[in-house]
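Okay, so here's the structure we're looking at.
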Amino acid sequence: MAKSVDDLAEGNETEPVHRETQTFGDNPLEVRDTDHYTHEYVGGFVDKWDDLIDWKKRYESEGQFFVDQLKARGVKSVLDAATGTGFHSVRLLEEGFETVSADGSPQMLAQAFSNGLAYGGHILRVVNADWRWLNRDVHGEYDAIICLGNSFTHLFSERDRRKALAEFYAMLKHDGVLIIDQRNYDSILDDGFSSKHTYYYAGEDVSAEPDHIDEGLARFKYTFPDKSEYYLNMYPLRKNYTRRLLREVGFQRIDTYGDFQETYGDTEPDFFIHIAEKS
Ligand code: SAM
């Protein structure tokens, strides 16, 4: 039976269908490769992603932030470039936006599609596409592109970052907007590994903590109540570096928010959200 987002507290009831397991090889700290994400979002980790980021709690903590930002700009069509398991795509469909859901991981897209059906009976328009070749696989122009959930951090070379941003830029209408978020890596890098803190998702037993940090790698460990552990290798983007890339690719105005607040100061936010306007 179809559910609404209000019913999400009970969790995901779709059948797990993902069997491949994560592989990092003998030297996990040497895995600094953009292409590797397709080997990370697989198997049990895909099944567990919705436990990691509980949809109902996420819905409450984000509130209307993204919806308000989009509506304030008269946005109608949105490309969710990092669909993952579909949280934002479903949210946007519920709010009446025309939404296309892209991701480079077929396993995440499969989960997103079944989540769409389960939570509101939405048929997601899913497209398997890597950001670096987005224009090849996704058609049309959009009023907005979103790339959320600390996804951009998966690109390991500046060339890939510039390529992805250029593809986003090209797929936006002349007055389009790109919304991209990232973890606050500045504080993790600058305050040192000793001050690393553990992030508790879903407020309970699921944790994410830095396993290794250097200027070229942020490796996080995710631990679940059944004691299973998964990892993600990411590039630790500095906030001003991301802003500079956005400017250099052509965005005219970039506003950066911390944890959904316009001003951030004494207490460092865990996340930054960049809103980049094309004109
Ligand atoms: N936005 C979702 C959320 O907030 O729950 C998913 C976030 S998940 C951290 C990152 C997603 O980005 C994954 O589903 C992964 O497959 C996708 N991704 C990473 N690098 C990509 C790339 N180069 N092209 C397309 N998708 C990519």
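The nearest pair of heavy atoms linking V138 to A129 is CG2-CB, 3.9 Å.
Summarising the geometry, atom CZ belonging to R247 is positioned 13.0 Å from atom CZ belonging to R253; distances are rounded to the nearest 0.5 Å. Here the straight-line distance linking atom CG of L70 with atom NZ of K76 works out to 11.5 Å at 0.5 Å rounding.
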The test is salt bridge (charged side-chain N to carboxylate O under 4.0 Å, His left out); show your working for E167 and R136 and say whether it passes. CA-CA 10 Å; E167 295 279 313; R136 190 188 62 190; over 6 Å; no

Report the C-alpha separation of D186 and K239 in whole Å, then their side-chain angles, then the decisive distance to 0.1 Å, and conclude whether the salt bridge (charged side-chain N to carboxylate O under 4.0 Å, His left out) test is met. CA-CA 7 Å; D186 293 74; K239 178 189 70 184; over 6 Å; no

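At a threshold of 4.5 Å between non-hydrogen side-chain atoms, the residues H174 and K278 do not count as touching. Here the side chains of Y142 and V75 are not in contact, with every heavy-atom distance at 4.5 Å or above. A 4.5 Å side-chain heavy-atom check between L246 and I180 finds at least one atom pair inside the cut-off. Contact check for F152 versus L237: side-chain heavy atoms found under the 4.5 Å cut-off.
If you run side chain to side chain donor-acceptor pair (under 3.5 Å) between T153 and each of Y37, Y185, Y235, only Y185 comes through.
Ring centers of H36 and F156: at least 6.0 Å apart, outside the cut-off. Close placement of the Y41 and H154 rings is indicated, their centers lying within 6.0 Å of each other.
For H212 and Y231, the side-chain atoms include no donor-acceptor pair closer than 3.5 Å.
Salt-bridge formation is detected for the pair R238/E215: a Lys NZ or Arg NE/NH1/NH2 atom is positioned less than 4.0 Å from an Asp or Glu carboxylate oxygen.
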